[in-house]
Amino acid sequence: MSQRLSEHAAFTLIETTDVGGTTAATGRVSMKNFARAMAYVEIGTWDAADDLDHCRIEAYAAETGGSATEVTTDASGGDYDTANPVDADGDFVIIEIRAEDLPDASPWIRLVVGEDGNTGVDNVTALLIRYGYAYPQKELNGAAATGSKVYVQP
């Protein structure tokens with residue numbers, strides 16, 4: 001796991017769920033003002049004939065609607081290498097990304113996990129954490145100057 005989480009971290013959970021023959025995902029969450037995100041995925045009760053086939057972070061341009069862009073891939077030879085997947089109780093995957101890894105117009109992310117086969121129970125618990133919160137800096141366009149550069153806030 002990453003060595004540090006800021007005091008301003010935000011957590012999104014996929015509760016223990018059977019993903020056999022399907023996928024599960026967190027809701028879409030905004031990376032606005034967060035520097036990093038990480039996911040922790042742990043296998044629970046798991047059928048030995050199955051593998052965790054999907055384990056990735058996706059980016060979206062909006063909270064709802066739109067198509068996904070894979071920030072991390074899950075494929076043979078991908079970021080999460082499905083040629084060497086996790087597939088037993090207690091196995092885990094940690095994914096870490098930086099905000100700059102996201103496409104410019106896609107500040108919304110979600111975690112996706114899943115198993116294509118379904119020969120038994122395939123339980124997964126997963127957590128998506130955004131951290132490194134930074135308050136927007138003041139006067140980004142230069143110091144305020146009366147009648148020239150004016151910043152207004154309540």
Side-chain angles (χ1 to χ4, degrees), residues 1-138 140 153:
M1 185 177 282
S2 182
Q3 293 182 10
R4 63 187 188 284
L5 292 179
S6 116
E7 62 188 46
H8 298 291
F11 302 84
T12 306
L13 175 68
I14 296 176
E15 294 185 41
T16 302
T17 187
D18 183 356
V19 294
T22 188
T23 59
T26 62
R28 297 178 193 180
V29 293
S30 175
M31 281 294 291
K32 182 179 180 182
N33 296 329
F34 287 97
R36 297 172 182 254
M38 62 92 52
Y40 179 80
V41 178
E42 186 169 322
I43 300 296
T45 302
W46 196 264
D47 187 279
D50 293 335
D51 299 324
L52 187 66
D53 295 319
H54 304 280
C55 190
R56 67 182 174 273
I57 292 179
E58 298 175 338
Y60 294 84
E63 185 176 8
T64 59
S67 58
T69 301
E70 290 185 357
V71 180
T72 62
T73 60
D74 51 12
S76 180
D79 300 319
Y80 171 71
D81 187 357
T82 57
N84 297 292
V86 298
D87 61 1
D89 189 353
D91 287 357
F92 64 87
V93 178
I94 294 174
I95 302 172
E96 292 188 284
I97 65 166
R98 296 173 181 254
E100 58 260 27
D101 296 332
L102 302 175
D104 288 338
S106 302
W108 295 88
I109 64 169
R110 78 174 184 166
L111 171 65
V112 176
V113 295
E115 162 52 19
D116 291 336
N118 189 18
T119 55
V121 175
D122 298 315
N123 285 337
V124 173
T125 303
L127 185 63
L128 178 63
I129 304 167
R130 296 166 294 148
Y131 64 100
Y133 190 83
Y135 292 100
Q137 297 175 356
K138 293 183 178 182
L140 289 175
Q153 54 183 322

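We number each residue from 1, following the sequence as shown. Side chains are part of it too, since the values below use all heavy atoms of this structure and drop only hydrogens, waters and symmetry mates.
Atoms SG and CD1, from Cys55 and Ile94 in turn, are 10.5 Å apart once rounded to the nearest 0.5 Å. The CZ atom of Arg56 lies 13.5 Å from the CD1 atom of Ile109; values are rounded to the nearest 0.5 Å. The structure places CD of Glu58 at 6.0 Å from CD of Glu70, a figure rounded to the nearest 0.5 Å. With rounding to the nearest 0.5 angstrom, the CD atom of Glu15 is 12.0 Å from the CG atom of Asn123. Rounding to the nearest 0.5 angstrom, the gap separating the CD1 atom in Ile57 from the OG1 atom in Thr69 is 13.5 Å. Taking CZ of Arg130 as the reference point, atom NZ of Lys32 lies at 12.5 Å (rounded to 0.5 Å).
Within a 6.0 Å sphere centred on CD of Glu100, other residues, nucleotides and ligands contribute more than 12 heavy atoms.
With Thr26 contributing its side chain and Leu111 its backbone, the two residues share a donor-acceptor pair below 3.5 Å. Side chain of Asp18 to main chain of Val121: no donor-acceptor pair is present (N/O by atom type, distance under 3.5 Å, no hydrogens or angles). Between the side chain of Asp122 and the backbone N or O of Leu52 there is no donor-acceptor pair closer than 3.5 Å. Remark: side-chain polar atoms of Asp89 are not paired, donor with acceptor, to backbone N or O of Trp46 under 3.5 angstrom.
Across every non-hydrogen atom of Ala126 and Val41, the tightest pair is CB-CG2, 3.9 Å. The nearest pair of heavy atoms linking Gly27 to Arg110 is O-CB, 3.7 Å. Shortest non-hydrogen contact noted between Gly78 and Thr73 is CA-OG1, 3.4 Å. The minimum heavy-atom distance linking Ala24 with Thr17 is given by the pair CB-CG2, 4.0 Å. In plain terms, the two heavy atoms of Ala59 and Val71 that are nearest each other are CB-CG2, 3.6 Å. Scanning both residues, Ser76 and Ala83, for their nearest heavy atoms gives OG-CB, 3.6 Å.
Using a 4.5 Å heavy-atom threshold, the side chains of Thr72 and Ile97 count as touching. Side-chain contact between Asp74 and Asp79 is absent, with no heavy-atom pair separated by less than 4.5 Å. Side-chain contact between Ser30 and Trp108 is present, with at least one heavy-atom pair separated by less than 4.5 Å. Counting heavy atoms from C-beta outward, Glu42 and Val86 have side chains that stay 4.5 Å or more apart.
A donor and an acceptor atom, one from each side chain of Asp53 and Thr82, are nowhere located under 3.5 Å apart. When only modelled atom types and interatomic distance are considered, Thr125 and Thr16 share a side-chain donor-acceptor pair under 3.5 Å.
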Steps toward side-chain contact (heavy atoms from CB on, under 4.5 Å) verdict (Asp87, Asp50):
CA-CA 7 Å; Asp87 61 1; Asp50 293 335; over 6 Å; no
Criterion side-chain contact (heavy atoms from CB on, under 4.5 Å) on Leu127 and Phe11, from CA distance to verdict:
CA-CA 7 Å; Leu127 185 63; Phe11 302 84; 4.1 Å; yes
Verdict with supporting geometry, Val124 and Ile14, side-chain contact (heavy atoms from CB on, under 4.5 Å)
CA-CA 8 Å; Val124 173; Ile14 296 176; 5.8 Å; no
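Under a 4.0 Å N-O distance rule, the pair Glu63/Arg28 does not qualify as a salt bridge.
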